Amino acid sequence: MLGFGTVGQGAYRMLADNREAIQRKVGTALEVVRIGVRDPEKPRPVDPELVTTDLESIVSDPAIDVVLELMGGVAPAGSLIEAALAGGKHVVTANKELIAKQGSRLLRIAAEQGLDLHFEAAVGGGIPLIQPLKHQLAGNDVLKLMGILNGTTNYILTKMAEEGAEFQTALEQAQAAGFAEADPKSDVEGYDAQYKLAILCSIAFNREVPPDNVHREGIDAITRRDMQFAELLGFRIKLLGIAESIGDRILARVHPTLVPKEHPLADVRGVYNAVWVQGDFVGDVMFSGKGAGGAPTASAVVGDLIDVCRNIRIGGAGNLGPFEAGSAAVPIEDLRTRFYLRLIVKDRPKTLGCIATIFGNCDISLSAMEMRVIDSGRNLGEIVFLTHPCLESSFHRAVKAIKNLHMVESVANWLRVEQ
Ligand SMILES: NC(=O)c1ccc[n+]([C@@H]2O[C@H](COP(=O)([O-])OP(=O)(O)OC[C@H]3O[C@@H](n4cnc5c(N)ncnc54)[C@H](OP(=O)(O)O)[C@@H]3O)[C@@H](O)[C@H]2O)c1
């Protein structure tokens, strides 16, 4: 094992607690023989004889069959995995960042060596996602995939929706409950979900999708007011990873989205994750469960390990093989979707007419509208529009023109809406 933190200790405990049952399933005993860490002084619930800071000695030990990389980060995890594969060892990893950035290259090395490189835990923690996409759903043409891929942001958005909290308060509550890091950037700004969506896309569409090809926006601009209007209009706001193939290209994006209350993803609350997949033959399928934490993530790591061990026993590798080369991403400006727009306006007779004219000139039709007086003394009102599907570039053209109207005080927020 490389790494003995939250996931490493979870995997170690699962292998110990369920040792006999796992042995019966695999047909042989599994032994953890070395554990690589950074700080040798930390107290750990494990025989100190197993622990080393010399990680190279693990990946080059000829007596070791499988390496579990549970340390995280791109370096030195990537070169250690490479060295393990070069030395004939199968590898299981939970490392989303590394797989998103270098998965294709590492899979190519594993395939050349006839070895397994599994990474179920890298997306959705304990939820089986990679294996079903690789196997049971592999015959389908995946039409669309949408997921709540980050538990921290889903916890924050749930608090905002259900308790009327503002973003900052909900973030502090998430930090106090241990669901958000002291530095929440990776979760809140959507990087974590971006890595996970890149991996899911590569599997679902069998195409190399680098994280940079996934458009990314975070949730820090969402306010309690947006939550209230979304509720009123029949939606919930979720940070979604959404991917679809358009012709032979893929449009992949992570951003806060209005999801209709009837959609199964709208009911995914708190730290839970879920992925909804639409296949041409299977129809709609949804996977959900705990997307992080030592025990759920260990479940995915140990599941992968058992798969590897079964392959070793039959003398093969169930490797995925490298993905096909990717094509250029579809730019977000080419997206056709519905939009939500919230404006602060001066309450004047021609305000609505002027805004509607701009929408019309940009070929955008409206599907719903809500209006509130927010400050009668200053004659200020708030208007929310929902559009029918339109081109993202047209929507931004309209917003730019609306912003310039003298009766518009500010564009308070805008969001994309799923049907
Ligand atoms: N936590 C989750 O819920 C979760 C869920 C899904 C996937 N993952 C992924 O699982 C991996 C591990 O996450 P984690 O939460 O278990 O991390 P963690 O608690 O921070 O543990 C990391 C472990 O790796 C060791 N380590 C890190 N860098 C090292 C280095 N350069 N040399 C030697 N040892 C090093 C640390 O050593 P010390 O103990 O000496 O510090 C620690 O034992 C990451 O890729 C993460 O993205 C985590």
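Just so it is clear, the model here is predicted, and its values are computed rather than measured. Atoms within a ligand are numbered from 1 in the order they appear, just like the ligands themselves.
The atoms of ligand 1 that sit less than 4.0 Å from any heavy atom of G293 are 2 (C), 3 (O). The contact set between ligand 1 and A121, taken as ligand atoms under 4.0 Å from a residue heavy atom, comprises 6 (C), 7 (C). Atom numbering of ligand 1 starts at 1 in the shown order; those under 4.0 Å from a heavy atom of A292 are 3 (O). Near K96, meaning under 4.0 Å from any of its heavy atoms, are these atoms of ligand 1: 47 (O). Annotation for ligand 1: atoms under 4.0 Å from non-hydrogen atoms of G3 are 23 (C), 24 (O), 25 (C), 43 (O).
Ligand 1 has no N or O atom lying under 3.5 Å from any N or O atom of G291, backbone or side chain. In terms of N/O distances under 3.5 Å, ligand 1 is approached by F4.
One option in E97, K196, K42 has a heavy atom closer to atom 38 (P) of ligand 1 than any other, and that option is K42. Between atom 39 (O) of ligand 1 and the options R44, R38, E120, the minimum heavy-atom separation is to R44.
F235 has its side chain out of reach of T257: every pair of non-hydrogen atoms, C-beta onward, lies at least 4.5 Å apart. Using a 4.5 Å heavy-atom threshold, the side chains of L98 and F119 count as separate.
Residue, atom and distance of the protein heavy atom nearest to atom 29 (C) of ligand 1 are M71 CE, 3.5 Å. Nearest non-hydrogen protein atom to atom 4 (C) of ligand 1 is V7 CG2, 3.6 Å. The nearest protein atom to atom 17 (O) of ligand 1, hydrogens excluded, is given as T6 N, 4.5 Å; this is a heavy-atom distance. The protein heavy atom nearest to atom 10 (O) of ligand 1 is A94 CB, 3.4 Å. Atom 40 (O) of ligand 1 has as its closest protein heavy atom D39 N, 2.6 Å. Nearest protein heavy-atom contact of atom 12 (C) of ligand 1 is L70 O, 3.3 Å. Nearest non-hydrogen protein atom to atom 44 (C) of ligand 1 is G72 CA, 3.5 Å.
Distance remark: protein heavy atom not present below 4.0 angstrom from atom 20 (O) of ligand 1. Per-atom contact check: atom 31 (N) of ligand 1 touches the protein, criterion being a heavy-atom distance below 4.0 Å.
Residue P76 touches ligand 1 through its side chain alone, judged by heavy-atom distances below 4.0 Å. Looking at L55 against ligand 1, only its side chain comes within 4.0 Å, counting heavy atoms. At a heavy-atom distance under 4.0 Å, only side-chain atoms of T297, from C-beta outward, approach ligand 1.
Between F395 and F339, the angle of the ring planes stays under 30°, which puts this pair in the parallel group of the 30/60° scheme.
Under 3.5 Å, the side chains of S367 and R338 contain a donor-acceptor pair of N or O atoms. In the model, E333 has no side-chain atom that pairs as donor or acceptor with a side-chain atom of S393 under 3.5 Å. Between the side chains of S245 and R207, no donor N or O sits under 3.5 Å from an acceptor N or O.
For E172, the CD atom counts as densely surrounded, since its 6.0 Å shell holds more than 12 non-hydrogen atoms of other residues, nucleotides or ligands. No more than 12 heavy atoms of other residues, nucleotides or ligands sit less than 6.0 Å from atom CD of E56.
When atom types are taken as modelled, the side chain of E208 and the backbone of A325 share no donor-acceptor pair closer than 3.5 angstrom. Listed for the E166 side chain is no donor-acceptor partner under 3.5 Å among the backbone atoms of T223. Put simply, the side chain of N140 gets close to the backbone of V282: a donor and an acceptor are under 3.5 Å apart.
Here the CZ atom belonging to F229 is positioned 4.0 Å from the CD atom belonging to E382, to the nearest 0.5 angstrom. Taking CD1 from I64 and CD from E31, the interatomic distance works out to 11.5 Å, rounded to the nearest 0.5 Å.
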